[in-house]
Amino acid sequence: MISFQNVSLHFGTQQILRNVSLRISDHERIGIVGPNGAGKSTFFNLLSGELQPDGGTVLFEGPKPTIGYLHQQLLHWSEGDTLLSYTLRSSKDLKACENEIQALEKRIPILPQGSPERTRALARIGELQTRFEQLGGYELESRVKKALCALGFHTNDFDRPFGEFSGGWKMRAEMVRTLISQPDLLMLDEPSNYLDLPAVEWMQSFLRSYRGTLLLISHDRYLLRTLTSVTIEIDGETATRYAGGLDYYLKERQQRYEVLLAAKRNQDRQRAHMEEFINTFRSQANKASLVQSRVKALEKLETIVVPRQAATNGQLRLPPYHHCGVTVLAVRDAGFSYNGKDFVFRNVSFDVQNGEHVAIVGFNGLGKSTLSRLLAGERPPSEGEVILGHKVVPGYLSQDFAETIPPDRSLINVVRREDETMTEAQARALLGSFGFSGDEAFKLAGVLSGGEKIRLGFARIHARKPNFLVLDEPTTHLDLNGRQALEEAIRAYEGAIVLVSHDIEFVRRTAANIVEVSDQGVRKFLGTYDDYRARVLRDDNESAEKSDSPSDVHSDPPAKPLSKKELRKERAAEREKLLPLLRSLRRRVTATEERIEKLETEQKELVGQLSNLDGKTDFATVNRRLSEIEKELTTLNQLWEQAASELAYYEAE
């Protein structure tokens with residue numbers, strides 16, 4: 001159990017947290033959400049001890065847990081490390097066991113036979129080896145290698161110096177190192193930032209089987225929905241706990257926001273009346289006591305802080321569509337090489353039709369961004385053709401910001417460069433509509449934050465007036481509201497869009513077709529991301545069956561295929577066997593849902609009692625009951641998720 005007790009923290013004049021009190025229970029799976037810059041990473045640093053609060057305390061009740069903390073940036077590594085040696089150094093307990101075993105093995109040969117020292121040393125080695133086995137030390141290397149390959153590394157990378165890898169690949173290794181250590185408390189700060197879609201799916205699968213306490217900072221709705229059952233929102237100088245996952249949080253947050261907004265308006269009116277009274281009667285001696293009481297009341301009035309509502313809904317939008325030919329883009333036997341010899345891909349052929357929304361997916365490093373540059377006309381193919389259709393104007397958003405927007409260029413010059421007929425007033429109005437008001441239009445692009453760079457990128461596209469959009473990782477620096485706003489804009493856009501994204505939920509909701517970039521080449525799939533994954537899984541299973549089938553000429557002849565009648569009978573028998581299990585799972589799901597609904601109703605009634613100021617409410621009893629309900633809801637949500645997942649699995653069989 002971890003508790004924050006009236007924790008406050010500020011950096012300079014900026015207050016980050018003010019009197020935050022909350023509890024984190026063992027084995028909870030918590031999503032940490034909130035706007036960029038609100039203090040989510042700071043919250044983690046307080047937990048890890050890297051920061052100390054200005055006021056209040058962070059307490060670990062009971063034995064302090066082992067902590068695995070994945071930062072957004074890699075902190076340090078040793079110069080002599082290879083990829084494998086760095087990643088294997090994941091558990092301090094394992095390393096301590098290994099070092100002590102090695103020291104004892106060197107010491108034992110020089111100890112006299114039968115001596116008490118030798119006997120104790122041998123016994124100690126036995127204890128350490130048992131401990132090493134319990135910690136998974138003997139399987140550690142195979143598990144690490146398997147995880148590295150799942151995240152896109154090749155076996156010939158294992159012995160490469162760690163310093164040779166780019167920042168993104170180093171972060172992947174750091175993720176393996178953190179996850180494999182199996183700590184009691186796992187804290188992941190934006191873990192999907194450097195991952196592609198296959199790697200995100202692997203991580204999600206791995207974390208579902210993790211049994212410790214999970215704290216996940218993420219804007220990725222897929223990860224939050226599938227991995228967390230409690231949500232903590234960091235915003236408005238406070239941390240608010242919601243007893244449910246992402247969808248529960250989104251619903252309750254809106255209701256809470258409206259309540260706080262109404263309370264803030266009432267408080268502002270009350271404050272204004274007090275200040276008016278003080279200013280009006282300050283100089284009148286016969287009103288001095290009344291004025292003084294108002295001054296004291298004003299000082300005691302606690303400021304209600306309303307969480308920020310993201311303004312990105314109006315600042316992320318796509319340019320108006322204008323008509324073009326039916327075929328927007330035709331790729332014919334295209335290939336690309338940076339050095340003229342080693343090709344990133346070859347023999348690529350597919351079309352993009354007007355109004356079609358396509359997602360490019362695949363492991364990092366195989367050419368997704370390179371392909372997007374070719375489609376946008378930013379680079380010519382080394383061979384073959386990339387042909388734009390009639391009246392097609394491409395607009396390109398690059399994940400490498402400096403590639404399309406030089407850091408030493410002012411914002412107003414960035415947008416005017418796309419349309420030379422644009423006046424300064426028009427450019428400033430356009431920038432203002434994307435959240436850059438006043439003199440911000442003259443800032444240099446290089447000083448912008450990640451979210452601001454995305455907004456400038458869309459302002460630049462808007463100025464170009466394209467009707468075919470190529471968006472490379474547009475969601476990387478966006479929070480939940482920003483991703484939702486962009487998703488809605490893309491779904492409403494009438495023109496063609498090709499996008500690259502590591503956000504599975506975003507791809508699911510925006511792309512009608514998929515282009516896969518893999519070791520086998522580039523191929524287009526008709527259908528959504530889920531259709532594509534089902535097709536890939538089916539192909540993999542068929543390949544596995546072929547590889548497992550006997551090739552010996554003396555093997556038994558293949559069994560005679562079942563008739564349609566026999567096949568239906570067999571399937572009916574299988575379904576009959578599953579009926580008792582399905583009935584049991586349905587009863588569990590229904591009963592759990594009814595209990596959750598009953599508790600949530602009681603919870604709302606109790607919260608309403610807390611706002612009563614009639615003096616009749618027993619606040620201690622109400623708070624105690626709310627705490628009990630919160631714990632029970634956490635357990636019930638986990639049980640419901642497990643039963644519902646099993647039911648969905650067997651019903652799909």
Contact summary for [X] and [Y], nearest pair of heavy atoms:
| X | Y | result |
| --- | --- | --- |
| Met1 | Asp26 | N-OD1, 2.9 Å |
| Leu224 | Val33 | CD1-CG1, 3.9 Å |
| Arg271 | Leu298 | CG-CD1, 3.5 Å |
| Leu444 | Pro407 | CB-O, 3.7 Å |
| Gln603 | Ala243 | NE2-CB, 4.2 Å |
| Glu174 | Leu70 | CG-CD1, 3.5 Å |

Check: [Y] main-chain N/O paired with [X] side-chain donor or acceptor under 3.5 Å:
| X | Y | result |
| --- | --- | --- |
| Thr82 | Ser85 | yes |
| Arg29 | Tyr210 | yes |
| Ser627 | Asn623 | no |
| Thr66 | Asp184 | yes |
| Asp157 | His154 | yes |
| Thr213 | Leu185 | no |
| Ser501 | Asp503 | yes |
| Ser205 | Glu201 | no |
| Ser398 | Asp400 | yes |
| Gln15 | Leu17 | yes |

With the side chain counted from C-beta on, respond yes when [X] and [Y] share a heavy-atom pair under 4.5 Å apart, and no when they do not.
| X | Y | answer |
| --- | --- | --- |
| Leu478 | Ile454 | yes |
| Leu227 | Tyr222 | no |
| Leu471 | Val500 | no |
| Leu9 | Thr42 | yes |
| Leu151 | Phe363 | no |
| Ile32 | Leu216 | no |
| Asp81 | Pro161 | no |
| Phe11 | Asp54 | no |

Would you compute the distance between atom [atom1] of [X] and atom [atom2] of [Y] and round it to the nearest 0.5 angstrom?
| X | Y | atom1 | atom2 | result |
| --- | --- | --- | --- | --- |
| Leu22 | Ser3 | CG | OG | 8.5 Å |
| Phe162 | Lys170 | CZ | NZ | 6.5 Å |
| Ser41 | Glu50 | OG | CD | 10.5 Å |
| Glu190 | Asn36 | CD | CG | 7.5 Å |
| Leu179 | Thr87 | CG | OG1 | 11.5 Å |
| Ser8 | Glu237 | OG | CD | 9.0 Å |

Ring centres under 6.0 angstrom apart (Tyr69, Phe44):
yes

Pair Phe153 + Phe158: ring centers closer than 6.0 Å
no

Taking the cut-offs as 6.0 angstrom to the six-membered ring centre and 45 degrees off its axis, would you call Arg177 and Tyr86 a cation-pi pair?
yes

Report yes or no: is the cationic atom of Arg23 (NZ for Lys, CZ for Arg) closer than 6.0 Å to the six-membered ring centre of Phe4, at no more than 45° off its axis?
no

Salt bridge or not for [X] and [Y], using N-O below 4.0 Å?
| X | Y | answer |
| --- | --- | --- |
| Glu594 | Lys598 | no |
| Glu487 | Arg483 | no |
| Asp235 | Arg253 | no |

Show your working on salt bridge (charged side-chain N to carboxylate O under 4.0 Å, His left out) between Asp220 and Arg225 and close with a plain yes or no.
CA-CA 9 Å; Asp220 190 309; Arg225 279 196 173 100; over 6 Å; no

Start with the C-alpha distance between Glu505 and Arg509, add both sets of side-chain angles, then the distance that settles salt bridge (charged side-chain N to carboxylate O under 4.0 Å, His left out), and finish with yes or no.
CA-CA 6 Å; Glu505 196 79 8; Arg509 293 173 178 268; 3.2 Å; yes

Arg533 and Asp530: CA distance, side-chain angles, deciding distance, salt bridge (charged side-chain N to carboxylate O under 4.0 Å, His left out) verdict
CA-CA 5 Å; Arg533 290 297 303 151; Asp530 289 332; over 6 Å; no

Please assess Thr238 against Arg18 for the test side-chain contact (heavy atoms from CB on, under 4.5 Å), listing each intermediate value before the final yes or no.
CA-CA 6 Å; Thr238 191; Arg18 186 192 302 273; over 6 Å; no

Please evaluate residues Leu633 and Glu600 with respect to the criterion side-chain contact (heavy atoms from CB on, under 4.5 Å), reporting the C-alpha separation (whole Å), side-chain torsions for both, the decisive distance (0.1 Å), and the verdict.
CA-CA 8 Å; Leu633 281 173; Glu600 287 179 346; 4.2 Å; yes

Would you indicate whether Glu597, at its atom CD, is surrounded by more than 12 heavy atoms from other residues, nucleotides or ligands within a distance under 6.0 Å?
no

Please determine whether side-chain contact (heavy atoms from CB on, under 4.5 Å) holds for the pair Glu602 and Leu606, giving the CA-CA distance in whole Å, both sets of side-chain angles, and the decisive distance to 0.1 Å.
CA-CA 6 Å; Glu602 183 184 356; Leu606 290 172; 4.1 Å; yes

Side-chain donor-acceptor pair under 3.5 Å between Arg221 and Gln484, yes or no?
yes

Just one of Lys40, Gln72, His71 clears the side-chain hydrogen bond (donor to acceptor under 3.5 Å, both in side chains) bar with Asp189, so which one?
Gln72

For Glu233 and Thr240, what are the C-alpha separation, side-chain angles and deciding distance, and is it a side-chain hydrogen bond (donor to acceptor under 3.5 Å, both in side chains)?
CA-CA 5 Å; Glu233 180 189 56; Thr240 306; 4.7 Å; no

Could you walk me through whether Leu148 and Val144 pass the side-chain contact (heavy atoms from CB on, under 4.5 Å) test, one step at a time?
CA-CA 6 Å; Leu148 288 172; Val144 164; 3.8 Å; yes

Walk me through it: do Ser369 and Asp472 pass the test side-chain hydrogen bond (donor to acceptor under 3.5 Å, both in side chains)?
CA-CA 7 Å; Ser369 292; Asp472 190 0; 2.7 Å; yes

